Novice: 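First the structure, which I've put down as structure tokens, then a few questions once you've had a look.
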Amino acid sequence: MNEAFDLRGKRVFVAGHRGMVGSAIVRRLAAEDCEILTVARSELDLLDQAGVRRWMADHRPDAVVMAAAKVGGILANDRLPVDFLHENLVVQTNVMESAFRSEVQKLLFLGSSCIYPKFAPQPIPEDALLTGPLEPTNEWYAIAKIAGLKLCQAYRRQHGVDYISAMPTNLYGQGDNFDLDSSHVIPALMRKAHEAKQAGRKSLQVWGSGKPMREFLYVDDAADALVFLLKNYSGDSHVNVGTGEDITIAELAATVASVVGSDATITFDPTKPDGTPRKLLDVSRLFATGWRPRYSLRSGLEQTYAWFLRHIEAGQVRLSAPES
Ligand code: GFB
């Protein structure tokens with residue numbers, strides 16, 4: 001890692017600050033001596049190019065963290081291809097182009113581990129990008145994210161600005177989406193286990209075969225790694241962000257049930273897709289800097305469930321599909 005970007009006294013715009021990742025980045029940046037800029041969706045629609053240009057010109061941040069995205073689990077990706085491709089392309093392009101016009105020198109773009117080919121070597125190194133076909137359930141999202149990281153490279157090459165990108169593995173934690181149709185696997189299983197426990201039900205249904213393997217990173221660890229990269233990384237290549245460890249979905253379901261305190265029996269629904277068989281990131285580039293996650297999967301799940309219990313009664317857990 002080279003070229004430190006000193007955050008002291010800087011104005012940092014976090015796009016997507018209401019989302020799970022954006023809000024974790026805002027929490028993490030609060031420990032830095034910088035000014036955090038955010039804007040409510042009611043004030044600025046990131047799909048509106050003229051509005052984004054105007055906002056950026058008026059506020060002139062020094063750095064931008066691009067955490068705004070249309071995200072969702074395997075089924076939402078499969079069912080809403082236009083939303084995942086079009087919204088992400090437009091929003092990320094608007095933010096990057098407006099940032100450049102307003103002379104933003106440092107920008108961090110967030111992608112996803114689904115940018116890699118379905119049958120990439122495991123663990124997946126950064127240079128496996130574009131070496132094979134994508135996983136069909138999320139190719140729309142993946143194409144948008146690949147375009148985003150390429151746009152960062154293009155800005156670097158053509159204009160010499162320090163736009164970088166990070167590819168986090170599957171993330172989870174407080175502020176996640178717990179809507180069963182559009183969520184990722186951890187919030188879905190946590191909610192199902194919680195509701196089974198409350199209703200005294202003895203079955204916990206898991207989509208697919210339970211055999212796919214996934215790597216999970218707690219969102220506060222992700223935010224810590226992302227702020228670390230913002231401060232310390234400058235380079236053409238995207239950087240993988242993960243833990244370097246994965247487990248099967250069946251093992252995950254058993255762990256979630258244990259954290260929730262549910263003794264339900266796990267059943268599998270083969271009508272639902274498995275998605276990519278495995279996507280363990282090669283995190284040697286990130287780990288070479290000395291950065292490490294602080295939360296084990298179990299402790300991250302415990303944190304998440306504690307947050308869920310604290311917020312569910314107050315109606316502060318997202319239980320239905322987020323507006324697009
Ligand atoms: O988290 P998930 O939806 O996303 O699913 P992906 C991970 C695995 O968990 C799949 C299984 O094999 C699912 O079939 N699974 C089991 C469940 N039970 C459930 C359940 O109740 N809900 C859900 N959602 N899954 C997404 C991509 O892929 O990962 C995105 O679609 C993005 O584009 C994101 O990259 C990080 O890991 O399969």
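As the structure lists them, so they are numbered: ligands from 1, and atoms in each ligand from 1. Quantities reported herein were computed from a predicted structural model and do not represent experimental measurements.
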Novice: Quick check on contacts: which atoms of ligand 1 are under 4.0 angstrom from a heavy atom of Ser112?
Specialist: 32 (C), 35 (O)

Novice: Does one side chain, of Thr248 or Glu251, offer a donor that lies under 3.5 Å from an acceptor on the other?
Specialist: yes

Novice: Do ligand 1 and Tyr141 have nitrogen or oxygen atoms that lie under 3.5 Å from each other?
Specialist: no

Novice: Tell me which protein heavy atom sits closest to atom 10 (C) of ligand 1, plus the residue, atom name and distance to 0.1 Å.
Specialist: Asp274 O, 3.4 Å

Novice: Below a 4.0 angstrom heavy-atom separation, can you tell me which part of Gln205, side chain or backbone, both or neither, approaches ligand 1?
Specialist: neither

Novice: Decide whether an N or O pair under 3.5 Å exists between Ile249 and ligand 1.
Specialist: no

Novice: Do Arg214 and Lys279 come close enough that some side-chain heavy atom pair is under 4.5 Å?
Specialist: yes

Novice: Which one holds for Trp207 and ligand 1: side chain close, backbone close, both close, or neither close, with close meaning a heavy atom under 4.0 Å?
Specialist: both

Novice: Looking only at the side chains, is there a donor atom on one of Glu135 and Thr137 sitting less than 3.5 Å from an acceptor on the other?
Specialist: yes

Novice: Report yes if some N/O of Arg214 lies less than 3.5 Å from some N/O of ligand 1; otherwise report no.
Specialist: yes

Novice: Relative to the heavy atoms of Gly72, which atoms of ligand 1 are at a distance of less than 4.0 Å?
Specialist: 30 (C)

Novice: Apply salt bridge (Lys or Arg N to Asp or Glu O under 4.0 Å) to Glu32 and Lys231, showing your working.
Specialist: CA-CA 11 Å; Glu32 301 288 327; Lys231 289 165 69 175; 3.1 Å; yes

Novice: Check if Lys279 has a non-hydrogen atom at a distance under 4.0 Å from any atom of ligand 1.
Specialist: yes

Novice: Can you confirm whether Met66 sits close enough to Gln92 that some side-chain heavy atom of one is under 4.5 Å from a side-chain heavy atom of the other?
Specialist: yes

Novice: Nearest protein heavy-atom contact for atom 36 (C) of ligand 1: which residue, which atom, what distance?
Specialist: Asn170 OD1, 3.5 Å

Novice: Arg156 and Ser234: side-chain donor and acceptor closer than 3.5 Å?
Specialist: yes

Novice: Of the protein's non-hydrogen atoms, which lies at the shortest distance from atom 5 (O) of ligand 1, and what is that distance?
Specialist: Val185 CB, 4.0 Å

Novice: Within the 4.0 Å heavy-atom shell around Ala188, which atoms of ligand 1 are there?
Specialist: 20 (C), 21 (O), 22 (N)

Novice: Using heavy-atom distances only, which candidate in Glu215, His184, Lys192, Lys211 approaches atom 34 (C) of ligand 1 most closely?
Specialist: His184

Novice: Indicate whether any N or O donor in one side chain lies under 3.5 Å from an N or O acceptor in the other, for Ser209 and Asp274.
Specialist: yes

Novice: Under 4.0 Å from any heavy atom of Gly73, which atoms of ligand 1 are there?
Specialist: 3 (O), 31 (O)

Novice: If the test is salt bridge (charged side-chain N to carboxylate O under 4.0 Å, His left out), which one of Lys10, Arg8, Arg11, Arg60 qualifies with Glu35?
Specialist: Arg11

Novice: Tell me which protein heavy atom sits closest to atom 24 (N) of ligand 1, plus the residue, atom name and distance to 0.1 Å.
Specialist: Ser183 O, 2.9 Å

Novice: Measure Ile74 to ligand 1 on non-hydrogen atoms and call it side chain, backbone, both or neither using the 4.0 Å cut-off.
Specialist: both

Novice: Starting from atom 27 (C) of ligand 1, find the nearest protein heavy-atom neighbour and note its residue, name and distance.
Specialist: Asn138 ND2, 3.2 Å

Novice: Does the plane of the ring in Tyr155 sit parallel, tilted or perpendicular to the ring in Tyr163? Use 30° and 60° as the thresholds.
Specialist: tilted

Novice: Quick check on side-chain contact (heavy atoms from CB on, under 4.5 Å): which of Asp224, Ile36, Asp220 does Arg27 satisfy it with?
Specialist: Asp220

Novice: Angle between ring planes, Tyr116 versus His238, binned at 30° and 60°: parallel, tilted or perpendicular?
Specialist: tilted

Novice: Should you measure from each heavy atom of Asn77, which atoms of ligand 1 turn up under 4.0 Å away?
Specialist: 27 (C), 30 (C), 31 (O), 33 (O)

Novice: Provide the number and element of each atom of ligand 1 under 4.0 Å from a heavy atom of Cys114.
Specialist: 33 (O), 35 (O)

Novice: When you look for heavy atoms under 4.0 Å from ligand 1, do you find them on the side chain of Lys272, its backbone, both, or neither?
Specialist: neither

Novice: Where on Pro273 is there a heavy atom closer than 4.0 Å to ligand 1, on the side chain, on the backbone, on both, or on neither?
Specialist: backbone

Novice: Please name the residue in the list Leu252, Thr243, Leu171 that meets the side-chain contact (heavy atoms from CB on, under 4.5 Å) test with Phe216.
Specialist: Leu252

Novice: Which ligand 1 atoms are under 4.0 Å away from a heavy-atom of Pro212?
Specialist: 12 (O)

Novice: Checking Ser258 against Thr255: is there a side-chain donor and acceptor pair closer than 3.5 Å?
Specialist: no

Novice: Taking the six-membered ring of Phe308 (Phe, Tyr or Trp), confirm whether the NZ or CZ of Arg191 is under 6.0 Å from its centre and within 45° of its axis.
Specialist: no

Novice: May I ask whether Thr137 has any heavy atom positioned less than 4.0 angstrom from an atom of ligand 1?
Specialist: no

Novice: Which of the numbered atoms in ligand 1 are below 4.0 angstrom from a heavy atom of Val206?
Specialist: 16 (C), 18 (N)

Novice: Pairing donors with acceptors under 3.5 angstrom, does anything connect the side chains of Asn177 and Ser182?
Specialist: yes

Novice: Answer side chain, backbone, both or neither: which part of Ala253 comes under 4.0 Å from ligand 1, heavy atoms only.
Specialist: neither

